[in-house]
Number of protein chains: 2
Amino acid sequence: MKKLVRLSDVAAAANTSAKTASRVINGDPRVSAETRLRVQEAVVRLGYRVDLLARSLRRGVDDTIGVVVESIADPFFAAVISEIELAALRRGLNVIVTSNRRLPNREVAIVDGLRQRRVAGMIITPHASDLSYLASTETPVVFVDRHPRNFAADVVTFDDRGGARTAVRHLLRYGHRRIAFVSDDLEIETSRNRHAGYVDALQEAGVPVVAELVATDCADAAVARRRTCDFLDLDEPPTAVFSARSETSLGVVKMLHDRKRTDIAMVSFGDFALADVLSPAITVLEQSPELLGRLAAERLFARLDGDRSDPVNTVIPVRLVPRGSGEIIPGGDAETAAVAGS
Amino acid sequence: MKKLVRLSDVAAAANTSAKTASRVINGDPRVSAETRLRVQEAVVRLGYRVDLLARSLRRGVDDTIGVVVESIADPFFAAVISEIELAALRRGLNVIVTSNRRLPNREVAIVDGLRQRRVAGMIITPHASDLSYLASTETPVVFVDRHPRNFAADVVTFDDRGGARTAVRHLLRYGHRRIAFVSDDLEIETSRNRHAGYVDALQEAGVPVVAELVATDCADAAVARRRTCDFLDLDEPPTAVFSARSETSLGVVKMLHDRKRTDIAMVSFGDFALADVLSPAITVLEQSPELLGRLAAERLFARLDGDRSDPVNTVIPVRLVPRGSGEIIPGGDAETAAVAGS
DNA sequence: CTGTTAGCGCTTTCAC
DNA sequence: GTGAAAGCGCTAACAG
């Protein structure tokens, strides 16, 4: 067991008290230049490193922020986390990441665990649980992607409903009337909002919402793929598909290609790798997970710095990027699309 | 400031000592059933939660493991982290994730920071730095994807060299002689090994290694894309490309499609989303980041459980998955490939 | 089975 | 500018 160098050791070596050594370590100016030098020398010579646990215990908060997402493996959340980690490191904060994997009880357990660690703050993608007890906490919390249930807090989201409306309007403009909708469970707020935008656009165009064209049980690409297959097997298949999430888009794309039905138009909410390489290239609503992460971190840091103002609701706009698949006309084909898209 | 419930409060409420309450909390059997009940009742009534910082300080280690990867946003590492997090949570451990972003000094700073937090163990993708000082530490460390410099420790890697050899042999078997190689910097061990496998296969086939067909400066997809472009512009372009990493494969694929040169064969070390949807579908060496994460976590846990045996070197095999792009013959085209591949 | 004492390593009083 | 004492909340050591 290698002996740990403590602050008192440094103090002894520098012929001063632990408190003064502590002052030097923490950059307190009220130390004479001479003493400071002696301490710094001792720190280097002994190879002293602050014990962050002891410091955090004494200070009452840990220099760590907790991040809770749905799945770390999801490229979207991975990008969000990465950005948060970058911002945190610049501030000298550690990041503990956890995933709720959509298990409500796990979600609460995880959040509680973070509190027990006295994290300085949290950034959470809320799932099903009621986390309103967090409102009574000192610990600042910023929610991302979705709103928490039953209480007001800082939230950063995308313009889900507006974006979906834009996408479906786009398809309508190209002449589509039978537009399928593929999404995750409507229990999830983002799905719900995107579905609402889909309905908005159809209604304002006087196009009826048809149940057989709506699949809202696609938790992953595999299910989205099967549902797309079902669509294709309808007596009157859709001429366009709006996929509400990158993950589901992968499934839709796969099936359209498997069945060689790339004459069917498609727009994806959320970009994904190779979307621009496929033929036709996939028209997407571009949302920046990096920006989401950055804004959430900024909001949290503002709270850590003492911002006590009312909860802020940040909505990030999304942008339609036409690439071909969204510009296919009903009964048209990929060739037409490529031309129309450019 | 909400008053925190301490263990002593629970003890008082249960009419016992802090130590006994502590025993109950920690499941120590040497407590009478009656006392135990009283304590448990008090815990619930007061809403007591252990202070993990205080516990960790006292115990000397934190119930946290540190994970250092190159980039959290990389789907490969994201999958590794996700799997580690799952395993850790099952053991009641937290996970602090950090990325070195390929900055050597940052790498050391990060690892030191984790030590200062007294993490129970670490899982590290080593980059350039010499981390051999970790050898003298009590903290167990498992390295993933690459070996650390200058010391022996548990390592979990893929069969990089063997896999690359397999891939290139595969292309040679289909008649290719001008096979390009695209990878990241050879400073990185995985790139180096995959390059070695590439050279192995060419040499055993008596095919010379041509410098103009080797690009080892592709840190990301964008560079890989440009290098692929350079290849295509050669007087005598390659008839096949072996890409040593999923990330670079994205760039290669993009350029081949941009230039409509999907008659050129290609194999990717590492699978990626939609690889099977492209036409031709991309032949890959399948490596499982999940398995890598799981095995690394298991190794670390074994060490945490007191395993003091010699360092273990785990090599995970990779599997060639023919999908079409790797079965294109020189001078052939995508159609031929699709047929040959099935 | 239970309790007392001590102390993890640091920083916050508060005094000098 | 400096330092002594106290204690963050918990648990290891050692009694009883």
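Below, read A as the first sequence line, B as the second, and so on, with proteins coming before strands; counting in each chain starts at 1.
- Side-chain proximity of A54(B) to the nucleotides dC10(C), dT11(D), dG9(D) is greatest for dG9(D).
- Counting to the nearest Å, the P atom of dC8(D) and the CG atom of L7(B) are 13 Å from each other.
- Summarising the geometry, the separation between CG on N26(B) and P on dG9(D) is reported as 17 Å, rounded to the nearest angstrom.
- A salt bridge does not link D185(A) with R192(A): none of the charged nitrogens is closer than 4.0 Å to a carboxylate oxygen.
- R118(A) comes within contact range of the sugar-phosphate backbone alone, with a heavy-atom separation under 4.0 Å but no base atom that close.
- Taking a cutoff of 4.0 Å between a charged side-chain nitrogen and a carboxylate oxygen, R102(B) and E187(B) do not qualify as a salt bridge.
- For R91(B) and F301(B), the positive end sits near the middle of the six-membered ring, less than 6.0 Å away and at most 45° from its axis.
- In this structure, E41(A) places its CD atom where more than 12 heavy-atom neighbours from other residues, nucleotides or ligands lie under 6.0 Å away.
- Mapped onto DNA chain C by nearest heavy atom, V50(A) and A33(B) fall at different nucleotides, with A33(B) at the one closer to the 5' end.
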Worked check of salt bridge (charged side-chain N to carboxylate O under 4.0 Å, His left out) between R149(A) and D130(A): CA-CA 6 Å; R149(A) 298 195 168 184; D130(A) 186 332; over 6 Å; no
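- Contact annotation for T35(B): backbone-only contact, meaning every heavy-atom pair under 4.0 Å involves sugar-phosphate atoms and none involves a base.
- Taking atom CD on Q116(B) and atom P on dC10(C), their separation rounds to 10 Å, with Å as the unit.
- Counting to the nearest Å, the P atom of dC8(C) and the CG atom of D63(B) are 20 Å from each other.
- As a whole-Å value, the separation of K19(B) NZ from dA13(D) P is 10 Å.
- Taking side-chain N and O atoms only, S32(A) has a distance below 4.0 Å to OP1 or OP2 of dT2(D).
- For R23(B) and dG3(C), a side-chain-to-base donor-acceptor distance below 3.5 Å is present, hydrogens and geometry of angles not being considered.
- Atom C1' of nucleotide dC10(D) and atom CG of D28(B) are separated by 15 Å, given to the nearest angstrom.
- For R58(A), the listed nucleotide lying nearest its side chain is dG7(D); candidates were dG7(D), dG3(C), dG9(D).
- For T20(A) and dT2(D), the shortest distance from a side-chain N or O to OP1 or OP2 is not below 4.0 Å.
- One cannot find a donor-acceptor pair under 3.5 Å joining the base of dG9(C) and the side-chain atoms of R55(A).
- Proximity note for S17(B) (side chain, C-beta onward) versus dG9(C), dT11(C), dT4(C): the nearest is dT4(C).
- Contacts of T16(A) with the nucleic acid, taken as non-hydrogen atoms under 4.0 Å apart, involve only primed sugar atoms and P, OP1 or OP2.
- Contacts of R30(B) with the nucleic acid, taken as non-hydrogen atoms under 4.0 Å apart, include base atoms.
- Listed candidates were dC14(D), dT11(D), dG7(D). Nearest to the side chain of R59(B) is dT11(D).
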